[in-house]
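See below for the structure under consideration.
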Amino acid sequence: MKDRIIQLMETEGFSPSKFADEIGIQRAVISHITTGRNEPSKDVIIKILERFPDISPDWLLLGKDDMRRTKIGEVPRTATKGLPDLFANPTQIRLEEKKVTENRPETEAKRPVETVQQTVKEFITVKETPARKVLRIMVFYSDNTYETFVSEK
C-alpha cells in the first residue's frame with residue numbers, strides 16, 4: 001500500500017509534507033508510511049479516500065483495478081437514463097413528452113377523433129414560461145474554496 005500512496009502523491013503533485021497537510025494528518029505519520037516503518041491506519045486511509053473521492057478504494061487497499069473510479073464529476077449513464085436534460089429548452093422537453101405519448105398501444109390509438117383533437121389543443125396551448133437564463137454558477141470545493149462562473153449577457 002505504501003507504493004500506491006507514493007504513486008498517488010506523485011500523480012497529484014504533492015510532496016509528503018504537503019500531502020499530509022492536504023489530508024489532515026501529521027507529517028511524521030506520512031513519513032513513517034512512505035519509509036515503510038508503519039502501515040497506514042484505518043483513519044489515514046479514510047482521510048485519503050475522503051480527500052480524493054475519485055480514487056478507487058480497491059486500488060488503494062488491494063492494488064486491484066485502476067487508480068481512478070471515474071472521471072471527477074462524471075455520472076454513470078445508467079443513473080440518468082430516462083431523465084430529461086436539466087438544461088434543455090422546456091419546449092424540447094414537451095416535444096419529447098409528445099413522442100412518448102405517440103408510442104402508446106393500439107387500444108389508446110383508437111380513441112375518438114374529438115378526444116385526440118382535444119389532446120392536441122391542450123398540448124399546443126401549454127403556456128410557455130418566459131425564457132430564463134443562468135446568471136451565475138458557483139462550485140464549492142472540499143478545501144473550502146469556490147469558483148464563480150458568470151454567464152455572458
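Under a hydrophobic-cluster definition in which Ile, Leu, Val, Met, Phe, Trp and Tyr are linked whenever side-chain heavy atoms come within less than 4.5 Å, directly or via other members, I23 and M67 are assigned to the same cluster. Tracing side-chain contacts under 4.5 Å through hydrophobic residues (I, L, V, M, F, W, Y), one reaches V134 starting from V139; they form part of the same cluster.
Residues E50 and I46 have side chains in contact (heavy-atom distance under 4.5 Å, counting atoms from C-beta outward). You'll find the side chain of I5 reaches within 4.5 Å of the side chain of I30, heavy atoms only. Side-chain contact between I137 and E147 is absent, with no heavy-atom pair separated by less than 4.5 Å. Side-chain contact check for V150 versus L135: every heavy-atom pair is 4.5 Å or farther apart.
Ring pair F52/F14 is perpendicular by interplanar angle, where above 60° counts as perpendicular and below 30° as parallel.
The minimum heavy-atom distance linking Y141 with Y146 is given by the pair CD1-CA, 4.1 Å. Between I55 and L49 the shortest heavy-atom distance is O-CD2, 3.8 Å. Taking each heavy atom of T34 and S31 in turn, the nearest pair found is OG1-O, 3.1 Å.
Atom NZ of residue K2 and atom CG of residue N38 lie 12.0 Å apart, to the nearest 0.5 angstrom. A distance of 7.5 Å separates OG of S15 from CZ of R27, quoted to the nearest 0.5 Å. In this structure, NE2 on H32 lies 13.0 Å from OG on S41, to the nearest 0.5 angstrom.
Note on R68 versus E12: salt bridge recorded, some NZ/NE/NH1/NH2 to OD/OE distance being below 4.0 Å.
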I'd like a table of donor-acceptor pairs (distance under 3.5 Å, sequence neighbours excluded) in which one partner is a side-chain atom from residues 56-65, with atom names and distances.
from, atom 1, to, atom 2, distance (Å)
S56, OG, D58, N, 3.3
S56, OG, W59, N, 3.3

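Of the possible polar contacts, one joining the K47 side chain to the G24 backbone as a donor-acceptor pair under 3.5 Å is found.
A side-chain N or O of T145 and one of D143 form a donor-acceptor pair less than 3.5 Å apart.
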